[in-house]
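Here's the structure, in structure tokens; my notes come after.
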Amino acid sequence: MRTDVNILGIETSCDETAAAVVRNGTEVLSNVVSSQIELHQKYGGVVPEIASRAHIEKIYPIIDQAIRQSKLNSGDIDAVAVANQPGLTVALIIGITAAKTLALVWEKPLIAINHIHAHLQSAMMDTKDLQHRQVSCGLPAVALVVSGGHTSLYDCENTLELKLLGSTIDDAAGEAFDKVASILNLPYPGGPSIEKAAKNGNPDAINFPRTMLAKDSLDFSFSGLKTAVLYHCCGKDMKGENRVGKMGQKEIADIAASFQAAVVDVLVRKTQMAAGRIGARTILLGGGVAANTVLRNELEKMAQQTGRKMLVAPRKYCTDNAVMIASLAYYKYKAGLFADMTLEAKAACDD
Amino acid sequence: MKTIQVISDSVAMTFETGKKIGSLLEGGKVVCLVGALGSGKTTLIKGIAAGAGAGKPENVNSPTFVIVNEYKGRFNIFHIDAYRINTIAEFESLGFEEFIGPDSIVLIEWADKVKQALEGLNCIHIEMRHNGEESRIIRLYGLKNARALKF
């Protein structure tokens, strides 16, 4: 009797259209992400870069490719999982409609996935022991998701039980990277370009603000930091000259490094606070900004100093993908947590 | 209708100004915000959403990445950020026109990037400017009873 569980995952919450097939939650059979493949030639015209109904044009070829790459037949797929929140509603709907259609036609269960929770699954994918409390007791964990759209801390009791502890009240960390990059005339996306520029800079050159909010708050605010960088470059009333064009590489590098240090500092301090509060034994890190080396290193250092284990998503699964959707869906499948055909897109999520 | 100008001297006052604007808003309006990075657009919108009856202001955050946030207040509130939008076609493909209706208000940051798509709509225009480290100039056109905003 076949006991393997193959799940098709679909992700369309923002810019990326993605599909993947994952076996038993950890074995990746295929992983297709729209920005990483060439669709233009096949489908003609320009595919817009930003989330929109363009997902419609991409969803079928991407699912098709994910199934073909997995070397499975559609009959071997045991369930269809889809991110239904949070995100851009018009984009989410496309993934949901595709998933419902396939589930209906194949007569297989439909599984609804929270996109942010799935980012954390990326950090747990290679670690079977965390999935089973009895094996190594790495739980509870405190989980940090940092991306262009989200900056959130969770209390993770197990794969399926996540409690939101705090999130950004204005800009997400990844957004701050993008906007500061634009202030410094560095290319988009800002994450990698700031990190690159910061390599030759002094992180202590400028003491940018670390916004901690109320004393025991686990929420984040990065809007003031962005504005502080702007004022550093253009003067406090914005009436002064924008000096960025005249700055040498060293000065740009110092600003980038000092900005990055301020973001990482806040993220690490809040994560440590959260870990202390819930008695976390493990730190989990996921989301696009989790690709940042300084953040990975500083969190790792904090974890070591406080006697905690640190698990971080592999770089290839930091940005939006469907592997994390199909992987998390396995645990919902095992728990019998299925959605029905009334499943809707939700722009925001409560948890 | 006259242009109203408010000078805010703090984040808190920008929020309160937004709250008053939100309390004056009628369904069907499109609020177009323009202003540089860090000029307080998201803060003002937190206030507008609060004034329009949306629950927790801390849940109103920047939709730069996801492009559209949705909140529930006296109206369905659609909070759009056009910062990453490159073309009008892209903007229109968001289903933007479906957001507009008697039971909803649409708030657009970086509205200057999608000007053509907003022509002929029932718009309120808000311009925000840096005026010092804490101070911001808020200029407003098209809001009924806007004189109530004067502190």
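Per chain, numbering begins at 1; letters A, B, ... match sequence-line order.
Neither the backbone nor the side chain of S167(A) comes within less than 4.5 Å of any heavy atom of chain B. Heavy atoms closer than 4.5 Å to chain A are found in the backbone of V60(B), but not in its side chain. Using a 4.5 Å cut-off between heavy atoms, K226(A) contacts chain B through its side chain alone, with no backbone atom that close. With a 4.5 Å cut-off on non-hydrogen atoms, K46(B) touches chain A through its side chain but not through its backbone. Of the two parts of Y71(B), neither the backbone nor the side chain holds a non-hydrogen atom closer than 4.5 Å to a non-hydrogen atom of chain A.
There is no side-chain donor-acceptor pair under 3.5 Å between N61(B) and D171(A). Remark: the S62(B) side chain and the T64(B) side chain contain an N/O donor-acceptor pair separated by less than 3.5 Å. Side chain to side chain, T168(A) and T151(A) fail the donor-acceptor criterion of an N or O pair below 3.5 Å.
Using a 4.0 Å cut-off between charged nitrogen and carboxylate oxygen, K179(A) and E175(A) count as a salt-bridge pair. Look at E127(B) and R129(B) and you find a salt bridge, because one of the NZ, NE, NH1 or NH2 atoms lies within 4.0 Å of a carboxylate O, short of that distance. We find that D219(A) and K270(A) are not joined by a salt bridge, their nearest charged nitrogen and carboxylate oxygen being 4.0 Å or further apart.
Ring centers of H119(A) and Y317(A): at least 6.0 Å apart, outside the cut-off. Aromatic pair F78(B)/F96(B): ring centres not closer than 6.0 Å. Aromatic ring centres of H150(A) and F65(B): separated by at least 6.0 Å.
By number of non-hydrogen pairs under 4.5 angstrom with chain B, the leading residue of G148(A), A347(A), S147(A) is G148(A).
Below 4.5 Å, heavy atoms of chain B meet heavy atoms from Y188(A), all part of residues 184-193 of chain A.
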